[in-house]
Amino acid sequence: MILRRRFVLFLPRFVGLLMVACCLVTIVYMLACTPKGDNQQFSLPRVHSLTMKEGYEAILQEREEYHLNYIISLKKQIAQLKAELQGRSEQFKNMQDQHPDPLGIRLDHSNLEKAHANLLAFLHSQIDKAEVHSGVKLSTEYAVVPFETFTLQKVYQLETGLTRHPEEKPVRKDKRNELIEVIELAVGSLNNPEGDGNAKHRVYTASDFIEGIYRTEKDKGTLYELTFKGDTKHQFKKIVLFRPFGPVMKVKNENVNVADTLINVIVPLAKRASKFRQFMQNFREMGIQQDGKIHLTVVYFGKEQMNEVKSILENTSKSANFKNFTFIQLNEEFSRGKGLDVGARFWKGNNVVLFFCDVDIYFTAEFLNSCRLNTQPGKKVFYPVLFSQYNPSIIYGHHDSIPSLKQQLVIKKETGFWRDFGFGMTCQYRSDFINIGGFDLDIKGWGGEDVHLYRKYIHSNLMVIRTPVRGLFHLWHEKQCLDELTPEQYKMCMQSKAMNEASHGQLGMLVFKQEIETHLHRQKWSKKKT
């Protein structure tokens, strides 16, 4: 009985102690396992969010991914530095007998440490030459190399071109990787300060990055200035980095003979006989008389004005003794992609350079050689950015008469713009066009087919040469956007139409024409009164 009473009295105490012990174990577990945030504070999942377990797993996974990416970045940087060091050493070795090094120090190849020291001294000399520690005197305000601003998500840029936005995500892989590498390097520098010993300091992450600026001096290197959050609201950490450029290195020295390289110019066409006559005048002068190694393929849709187009071809053939042309007629609705695809596949001779062209294009003989030099079967395709002419009646509206066509073809801000949103004019070998799969023949009418083909090339292993050229012009013509186009095609057509008319300044003069005339009238009246 006594034992039973003692057991009854002890049982509640035992249960109470057991509950307290469980609570203590739970608290210790939470303190030990809860991940720390950026400010070294414990973070618990919020109410109505993920469950506690899922929240911890998400945080742990996020931190693990960050550290893995950081490790990969460091390994990549180490490999790049080793490769660069080896390359620079070999380069200085090759240059020793021809030129002194930039610091006037001859390399002793028996002493690798001295070679590395000389390389480091050269890279530091690049920093001294650039505007890093102090400014330099410039001759004009236009000589200033502007910075561009970037954050974790956006780049705010001044680069000109109609496809460029003042604010955009860096979609180019090289630009994105460059900025990520710079931010990670800056974070690593903040977390490993020099001469700080074992002193405790805050751990920085990419989330502490506020913004940065950068600019590239082509002959010196790229300067980066990055700003991070400090310990208080009004304190900041600033990191300045510089990526120096080394001496120019020779990669290849080769002779290129394009005398036997034939170009097949393929032009899809429907109606527009008067434009074709103008095109053939250009083709005869530049293609037949000056170049000579050229073939013309015209793919004609329908029968309206067909006889007139054939007559223009035949007259050119007789007067210029030119037989290298093909005329293909299709009884179907016009499709630019279909016309170019048919023309490319119709060719039965040896591998040939294809120049996809339009009837409202003017090209020079120099451009045809650029087309040959920038294409290589299985290696390179050429996507020139042509210069698009504004409406001559607006450009030369204040003149007594509109100049001749050749006089109009001047590359200036007032006369036109680089058509960097267009991918229709392109040169490539026929073998590459066939292997890539040609055009998407489901696209009808105007627009879209060229972008489709361009994407195929950039998704392949072929090198795409994209550059503005001075010998390729888009001649102005009034653009008609048909109701049959899809909404996306119609939108593209209207955007192109708006951009074709005149520059911002010229359009502004038209908008404020009445205001300007009123001002001139007042000026004239005031002079009469005086």
Compare every heavy atom of [Y] with every heavy atom of [X], then report the nearest pair and how far apart it is.
| X | Y | result |
| --- | --- | --- |
| S431 | N351 | OG-ND2, 2.9 Å |
| L226 | A186 | CD2-CB, 4.2 Å |
| I266 | G339 | CG2-O, 4.3 Å |
| T326 | I328 | CG2-CG1, 3.9 Å |
| F367 | C427 | CZ-SG, 4.1 Å |
| G416 | F387 | C-CZ, 3.3 Å |

L296/L313 under side chain to side chain contact (heavy atoms under 4.5 Å, CB included): CA gap, chis, key distance, verdict
CA-CA 10 Å; L296 176 63; L313 260 179; 3.9 Å; yes
Quick one: pull up [atom1] in [X] and [atom2] in [Y] and give me the separation to the nearest 0.5 Å.
| X | Y | atom1 | atom2 | value |
| --- | --- | --- | --- | --- |
| T364 | N369 | OG1 | CG | 9.0 Å |
| Y204 | I239 | OH | CD1 | 9.0 Å |
| S311 | Q305 | OG | CD | 12.5 Å |
| S388 | I361 | OG | CD1 | 8.0 Å |
| Q281 | I312 | CD | CD1 | 9.0 Å |
| R470 | S370 | CZ | OG | 7.0 Å |

Examine distances only and state if a side-chain atom of [X] and a backbone atom of [Y] form a donor-acceptor pair shorter than 3.5 Å.
| X | Y | answer |
| --- | --- | --- |
| Q389 | W476 | yes |
| R430 | R345 | yes |
| N177 | D174 | no |
| Q290 | A365 | no |
| S189 | L185 | no |
| E414 | I395 | no |
| N282 | F363 | yes |
| Q329 | G302 | yes |
| D341 | G438 | no |
| Y396 | N391 | no |

Any side-chain heavy-atom pair from [X] and [Y] closer than 4.5 angstrom?
| X | Y | answer |
| --- | --- | --- |
| T297 | F346 | no |
| T426 | Y454 | no |
| I294 | F322 | yes |
| V352 | L354 | yes |
| F382 | T467 | yes |
| Y224 | E178 | yes |
| F334 | K271 | no |
| T316 | I288 | yes |

Qualifying residue, where the test is side-chain hydrogen bond (donor to acceptor under 3.5 Å, both in side chains) with R372 and the options are N257, D291, T261:
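With R372 as partner, side-chain hydrogen bond (donor to acceptor under 3.5 Å, both in side chains) holds for just one option, D291.
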Using salt bridge (charged side-chain N to carboxylate O under 4.0 Å, His left out) as the criterion, list what pairs up with K406, not counting sequence neighbours.
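Here the qualifying residues are E285.
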Can you list the residues that meet the ring pair (Phe, Tyr, Trp, His ring centres under 6.0 Å) rule with F150, with sequence neighbours excluded?
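Partners of F150 under the ring pair (Phe, Tyr, Trp, His ring centres under 6.0 Å) test: F209, Y214.
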Test D360 against R272 for salt bridge (Lys or Arg N to Asp or Glu O under 4.0 Å), laying out the working first.
CA-CA 10 Å; D360 47 20; R272 305 187 70 187; 3.7 Å; yes
Mind checking whether H474 and H477 have parallel, tilted or perpendicular rings, split at 30° and 60°?
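Aromatic pair H474/H477 classed tilted.
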Applying ring pair (Phe, Tyr, Trp, His ring centres under 6.0 Å) to F325 and F283, what does each step give before you reach the verdict?
CA-CA 12 Å; F325 69 91; F283 184 86; 9.6 Å; no
Side chain to side chain contact (heavy atoms under 4.5 Å, CB included) between L453 and Y383: does it pass, once the steps are laid out?
CA-CA 11 Å; L453 180 65; Y383 269 85; 3.7 Å; yes
Atom [atom1] of residue position [X] - does it have more than 12 heavy atoms of other residues, nucleotides or ligands inside 6.0 Å?
| X | atom1 | value |
| --- | --- | --- |
| K293 | NZ | yes |
| R455 | CZ | no |
| D219 | CG | yes |
| N331 | CG | yes |

What I want to check is whether the side chains of N500 and R419 have a donor and an acceptor closer together than 3.5 Å.
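Side chains of N500 and R419: pair found under 3.5 Å.
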Please determine if [X] and [Y] form a salt bridge, counting it only when a charged side-chain N lies under 4.0 Å from a carboxylate O.
| X | Y | value |
| --- | --- | --- |
| K491 | E488 | no |
| K175 | E148 | no |
| R336 | D358 | yes |
| R277 | E308 | yes |

Taking the six-membered ring for Trp, are F276 and Y300 ring centroids under 6.0 Å apart?
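They do not qualify: ring centres at least 6.0 Å apart.
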Can you check whether Y457 and F423 have ring centres sitting under 6.0 Å from each other?
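Judged by ring-centre distance (under 6.0 Å), Y457 and F423 do not meet the cut-off.
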With side chain to side chain contact (heavy atoms under 4.5 Å, CB included) as the test, would you mind laying out the steps for T216 and F245 before giving the verdict?
CA-CA 10 Å; T216 299; F245 294 158; 3.8 Å; yes
Assess the residue pair L262 and W347 against the criterion (side chain to side chain contact (heavy atoms under 4.5 Å, CB included)); give the C-alpha distance rounded to whole Å, side-chain angles, the decisive distance to 0.1 Å, and a yes or no.
CA-CA 12 Å; L262 182 69; W347 179 261; 3.6 Å; yes
Carefully, step by step, assess F439 and F356 under the rule ring pair (Phe, Tyr, Trp, His ring centres under 6.0 Å).
CA-CA 12 Å; F439 283 102; F356 294 155; 5.5 Å; yes
